[in-house]
Amino acid sequence: MSETKKYPAPVTNPETAAFWDAAKQGKFMIKRCTACGEAHYFPRSICPFCYSDKTVWEKASGEGTIYTWSLMRKSPTGPYAIGYVTLKEGPSVQTNFVDCDLTTLKIGQKVKVVFKPTDGAPLPFFTVA
């Protein structure tokens with residue numbers, strides 16, 4: 001009998017509340033700096049490129065490609081894969097890969113965001129597109 005994996009609820013704060021509120025609606029948000037035009041993730045109020053506080057929320061497509069990944073075969077909770085996904089919008093996201101055959105993941109493979117429920121806001125992960 002398999003058990004459904006339980007994920008911890010994210011810790012929210014006023015700076016990230018809009019991100020988690022959008023996640024509850026199935027939307028994956030990033031921030032874009034209106035001073036330099038760069039998109040960034042993890043969303044924060046200060047641009048990591050030019051340090052401007054002129055940032056706005058933007059709904060991301062939730063699509064990207066695997067930049068790199070690593071498969072952890074031995075774990076008390078079973079095998080899992082982590083890695084970086086480069087979003088269509090530009091930023092790279094550190095993530096876990098779920099709902100797919102972890103042994104067939106490949107660099108450059110197309111992936112899409114999926115949200116997994118928690119006791120709070122859902123958490124974003126990625127799966128094969």
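The first residue in the sequence is number 1, and the count goes up from there. Computed over heavy atoms, backbone and side chain alike; hydrogens, waters and symmetry mates excluded.
- Cluster partners of F49, using a side-chain heavy-atom cutoff of under 4.5 Å among ILVMFWY residues and allowing indirect links: none.
- Within the 3.5 Å criterion, the main-chain N or O of F42 finds a donor-acceptor partner in the side chain of R44.
- In terms of heavy-atom proximity, T103 sits nearest to D101 at OG1-OD1, 2.6 Å.
- In this structure, the side chain to side chain donor-acceptor pair (under 3.5 Å) partners of E89, at least two apart in sequence or on a different chain, are S61.
- Residues Y67 and F97 do not share a hydrophobic cluster, clusters being chains of Ile/Leu/Val/Met/Phe/Trp/Tyr side chains in contact below 4.5 Å.
- The side chain to side chain contact (heavy atoms under 4.5 Å, CB included) search around I46 returns Y51, D53, not counting sequence neighbours.
- Between T68 atom OG1 and Q94 atom CD the span is 11.0 Å, to the nearest 0.5 Å.
- Side chains of L102 and W69 form no contact here, defined as non-hydrogen atoms less than 4.5 Å apart.
- Residue pairs meeting the side chain to side chain donor-acceptor pair (under 3.5 Å) criterion with at least one partner in residues 112-129, sequence neighbours excluded, are K6-D119, D99-K116.
- Going from atom NZ of K59 over to atom NZ of K27 covers 7.0 Å, rounded to the nearest 0.5 Å.
- In terms of the side chain to side chain donor-acceptor pair (under 3.5 Å) criterion, K24 has no residue partners (sequence neighbours excluded).
- With sequence neighbours excluded, no residue satisfies side chain to side chain contact (heavy atoms under 4.5 Å, CB included) with V11.
- Shown here are the side chain to side chain donor-acceptor pair (under 3.5 Å) partners of T55, two or more places apart in sequence or in another chain: K31.
- With a 4.5 Å cut-off on side-chain heavy atoms, T95 and P124 do not count as touching.
- Residues passing the salt bridge (charged side-chain N to carboxylate O under 4.0 Å, His left out) test with E38: none are found, sequence neighbours excluded.
- Y41 places a side-chain heavy atom less than 4.5 Å from the side chain of F28.
- The nearest pair of heavy atoms linking P122 to W20 is O-CZ3, 3.5 Å.
- Shown here are the side chain to side chain donor-acceptor pair (under 3.5 Å) partners of E15, two or more places apart in sequence or in another chain: S45.
- In this structure, T16 and P43 approach most closely via the heavy-atom pair CG2-O, 4.1 Å.
- Looking only at side-chain heavy atoms (C-beta outward), I66 and F126 stay at 4.5 Å or farther from each other.
- Pairing each heavy atom of M29 with each of F19, the nearest pair is O-CE1, 3.2 Å.
- K110 pairs by the salt bridge (charged side-chain N to carboxylate O under 4.0 Å, His left out) definition with nothing, not counting sequence neighbours.
- Scanning both residues, G120 and A9, for their nearest heavy atoms gives N-CB, 3.6 Å.
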For residues 73-84, run the donor-acceptor check on the side chains, cut-off 3.5 Å, and write out each pair with its distance to 0.1 Å, sequence neighbours left out.
from : atom 1 : to  : atom 2 : distance (Å)
S75  : OG     : T77 : N      : 3.3
S75  : OG     : T77 : OG1    : 3.2

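- Listed by chain and residue number, Y7 satisfy the ring-ring contact (aromatic ring centres under 6.0 Å, His included) test with F125 (two or more places apart in sequence, or in another chain).
- Side-chain contact between L87 and V93: present, with at least one pair of heavy atoms (C-beta onward) separated by less than 4.5 Å.
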